[in-house]
Peer 1: 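The structure follows.
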Number of protein chains: 2
Amino acid sequence: MYAATAAQNSGRFLANTDAPDPPLTLKALFRRQALNRIEAGSTLFLEGDQAKHLYEVVEGVLRIFKIIGDGRRIITGFLYPGDLVGVSLRDRYLYSAEAVTLTRFRTFGRREFQDAVNSSPLLRPQLFDRLCDEMAAAQNQMVLLSRKGAEEKVCSFLLARLRHQQQMNPLTMVIDLPMTRLDIADYLGLTTETVSRTITKLTGSGILVPEGRHGLRILKAKTLENIAGDDDQDGDNRAARRN
Amino acid sequence: MYAATAAQNSGRFLANTDAPDPPLTLKALFRRQALNRIEAGSTLFLEGDQAKHLYEVVEGVLRIFKIIGDGRRIITGFLYPGDLVGVSLRDRYLYSAEAVTLTRFRTFGRREFQDAVNSSPLLRPQLFDRLCDEMAAAQNQMVLLSRKGAEEKVCSFLLARLRHQQQMNPLTMVIDLPMTRLDIADYLGLTTETVSRTITKLTGSGILVPEGRHGLRILKAKTLENIAGDDDQDGDNRAARRN
DNA sequence: ATAATTTGTAACAATTCGTAACAGTCGAGC
DNA sequence: GCTCGACTGTTACGAATTGTTACAAATTAT
């Protein structure tokens, strides 16, 4: 498998990088691309644009969303460091992408990306797995949007955020929410007021307490889980299961 | 492109089909598989099952759905002839699949399928395009579920069905709805009553008339489009667009 | 024909929305 | 460091949509 010419991934300081040692992972593909940044609120691309590039979020948070006729906005996802944007589409972006916070990212030409993945038996399954995960997330979101009440929606969202942040910091019980209430509302199919009301209610129940401007400290994670009801199985949540 | 050995697609009656002329399309992959059938209401597979196979619907309609804790059901999609089921998942089914009507289908081992696609530069982009279309559909469904009212939901659904049936029969204005009101409700995030109410209202507006048990004749397709509001753009629907 | 399922209608209830007023936070500039 | 102003978030309340419950009608299955 391609005797190491220089080094796996390090030592690429001689500008002329024309010997493309084949990357072993999707992330490695991006690693040589220049790092760009956009300010909070700026647009990365618009729905319907010719999809010439795709992006890897390195730092910050993006929102991807669709707007329908009368201005209603639907945020179909938030993207965090490590996520790829603009993969699962044919030739035009299906959604717009904006920075929630100052965001650093790497860019890759779609054509080149497709070629690279297409010619690498290692990369192909990685891409496929990403698409599958994206699909699974979309389906869970459909469940949330169509059949969950406001409290369940908010708890599901908070729980997902908590889990995500615990991947990096396993002990933490504090959720950082860089997006606004409007963003959260448009992601959960609610209004800002309902999001506020619900968080207030959860605070009143002692499930969480606000911590700083954009932070929430989770006090009763188990209760949060129970309300979120994210179990894919039949019975009730966790405990309490006899009729 | 592989000189035709026997015939493109016909003449495969000698049982021993061991010379695997490489299929040019995904559909061709399935064509040699045996045809199975399941009765209306029967289960093809369950959410969480080990995903050993994938399926191509040949005739009939399937519903794929998830059930959450207290029995709420979410139909994430209906599958019609030509659709593949069980592709975009890692190793367990993300949803259950049942037959809405008597359904004929072909089965393929997932392992073999992956191998076949993986080794064919022709098949790979076809699979990728299918996944992208599936993703696009999921996102449109998120829009529908999170921000559309009952009337918009029903009209969007009916319009999609009409378009689908016009692909086969371009002139028809009659929609066949083999699924029950409950199925439709669980697909649109409504209740059967609301679906009924809405269809009654649309009938009252002269937009459509019931035709037989499972049929609806569309009288004002344009109006249906306007209510559905499925345009991905900014302004109002189709016409009327000057401020 | 009878039973079971599905669909339709109506009155009522519940949740979420929409509007509005108010409070809190952050940043700019003094 | 402080004040002002803009933006974001919170709370309250009336309104609207959809869900709930109940029942009747229609269709299909036994």
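Please read these numbers as outputs of a predicted model, since none were measured by experiment. Every chain is numbered from 1 and lettered A, B, ... according to where its sequence line falls, protein lines coming before strand lines.
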Peer 1: Tell me: NZ of B/Lys201 to P of C/dT7, nearest whole Å?
Peer 2: 21 Å
Peer 1: A/Leu202 CG to D/dT10 P: how many Å, rounded?
Peer 2: 12 Å
Peer 1: Taking atom P of C/dA4 as reference, at what distance in whole Å does atom CG of B/Leu182 sit?
Peer 2: 19 Å
Peer 1: Are B/Arg63 and B/Phe78 in a cation-pi setup, meaning NZ or CZ lies under 6.0 angstrom from the ring centre and within 45 degrees of the ring axis?
Peer 2: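 Not satisfied by the 6.0 Å and 45° rule.
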Peer 1: For A/Arg72 and C/dG18, give me the distance from atom CZ to atom C1', rounded to whole Å.
Peer 2: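 So the two atoms are 15 Å apart, to the nearest Å.
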Peer 1: If we only count heavy atoms from C-beta on, is the A/Tyr80 to A/His164 side-chain gap below 4.5 Å?
Peer 2: yes
Peer 1: Could you check how far CG of A/Asp183 sits from P of D/dC7, rounded to whole Å?
Peer 2: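 My rounded result for the distance is 16 Å.
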Peer 1: Of A/Thr194 and A/Arg213, whose closest DNA chain C nucleotide lies nearer the 5' terminus?
Peer 2: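 Nearer the 5' end of the strand: A/Thr194.
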Peer 1: Does B/Arg197 put a side-chain nitrogen or oxygen below 4.0 Å from OP1 or OP2 of D/dT18?
Peer 2: no
Peer 1: What does B/Thr180 touch in the nucleic acid at a heavy-atom separation under 4.0 angstrom: a base, only the sugar-phosphate, or nothing?
Peer 2: sugar-phosphate
Peer 1: Could you state the atom-to-atom distance from CD of A/Glu193 to C1' of C/dT16 in whole Å?
Peer 2: 10 Å
Peer 1: When the distance from CD1 of B/Ile184 to C1' of C/dT6 is rounded to whole Å, what number comes out?
Peer 2: 12 Å
Peer 1: With heavy atoms under 4.0 Å as the rule, sort A/Leu190 into base, sugar-phosphate or nothing.
Peer 2: sugar-phosphate
Peer 1: So, is A/Arg181 close to the D/dT10 phosphate, meaning a side-chain N or O under 4.0 Å from OP1 or OP2?
Peer 2: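 Yes, because at least one side-chain N or O of A/Arg181 sits under 4.0 Å from OP1 or OP2 of D/dT10.
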Peer 1: Verify the ring-centre separation between B/Phe45 and B/Tyr55: is it less than 6.0 angstrom?
Peer 2: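 Ring centres of B/Phe45 and B/Tyr55 closer than 6.0 Å.
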Peer 1: Check this one for me: any side-chain N or O of A/Thr191 less than 4.0 Å away from OP1 or OP2 of C/dC17?
Peer 2: yes
Peer 1: Base, sugar-phosphate, or nothing for A/Gly189, non-hydrogen atoms under 4.0 angstrom?
Peer 2: sugar-phosphate
Peer 1: Going by an N to O cut-off under 4.0 Å, is there a salt bridge joining B/Arg130 and B/Asp83?
Peer 2: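 Looking at B/Arg130 and B/Asp83, the cut-off is not met.
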Peer 1: Under 4.0 Å, heavy atoms only, any strand: does B/Thr200 hit a base, just the sugar-phosphate, or nothing?
Peer 2: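 Sugar-phosphate, backbone atoms only, no base.
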Peer 1: Taking 4.0 Å as the cut-off, does a side-chain nitrogen or oxygen of A/Ser196 come that near to OP1 or OP2 on D/dG9?
Peer 2: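 Negative; the distance criterion is not met.
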Peer 1: Of B/Ile199 and A/Gly149, whose closest DNA chain C nucleotide lies nearer the 5' terminus?
Peer 2: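 Residue closer to the 5' terminus by nearest nucleotide: B/Ile199.
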Peer 1: For the CD atom of B/Glu56 and the CZ atom of B/Arg106, what is their distance to the nearest 0.5 Å?
Peer 2: 6.5 Å
Peer 1: Figure out the CG/C1' separation between A/Leu177 and D/dG9, and round it to whole Å.
Peer 2: 13 Å
